[in-house]
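First up is the structure itself, then whatever we jot down about it.
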Amino acid sequence: MCPDCEDFARTVLLLGQIALYADTDGADLDFIEAVSPSLAASLPEPPTGYEPTDGPDYPGGA
């Protein structure tokens, strides 16, 4: 995997994990509010050739 692809995938994974954590009982909302914007801002540009509209059709999707 190219270095940019690896950084992009890792950052997206972390954003997903923090979103899941935010939905748990007792989640530290101050931590989430402090870390989430910084993590999102550190998201690198999508790798060359990345097309977010490529992929399977989702149920109920247009």
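Predicted, not measured: the structure shown is a model, and the values here were computed from it.
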Atom pair OG1/CG of T24 and L20 - distance to nearest 0.5 Å: 9.0 Å

Atom CD in E6, atom OG1 in T11: separation rounded to 0.5 Å? 10.0 Å

Kindly say whether E33 contributes a backbone atom to a donor-acceptor pair with the side chain of S36 at under 3.5 angstrom? no

Pairwise distance CG(L29) to OH(Y21) - rounded to 0.5 angstrom: 8.0 Å

Nearest 0.5 angstrom please: I32 CD1 to D23 CG, how far? 8.5 Å

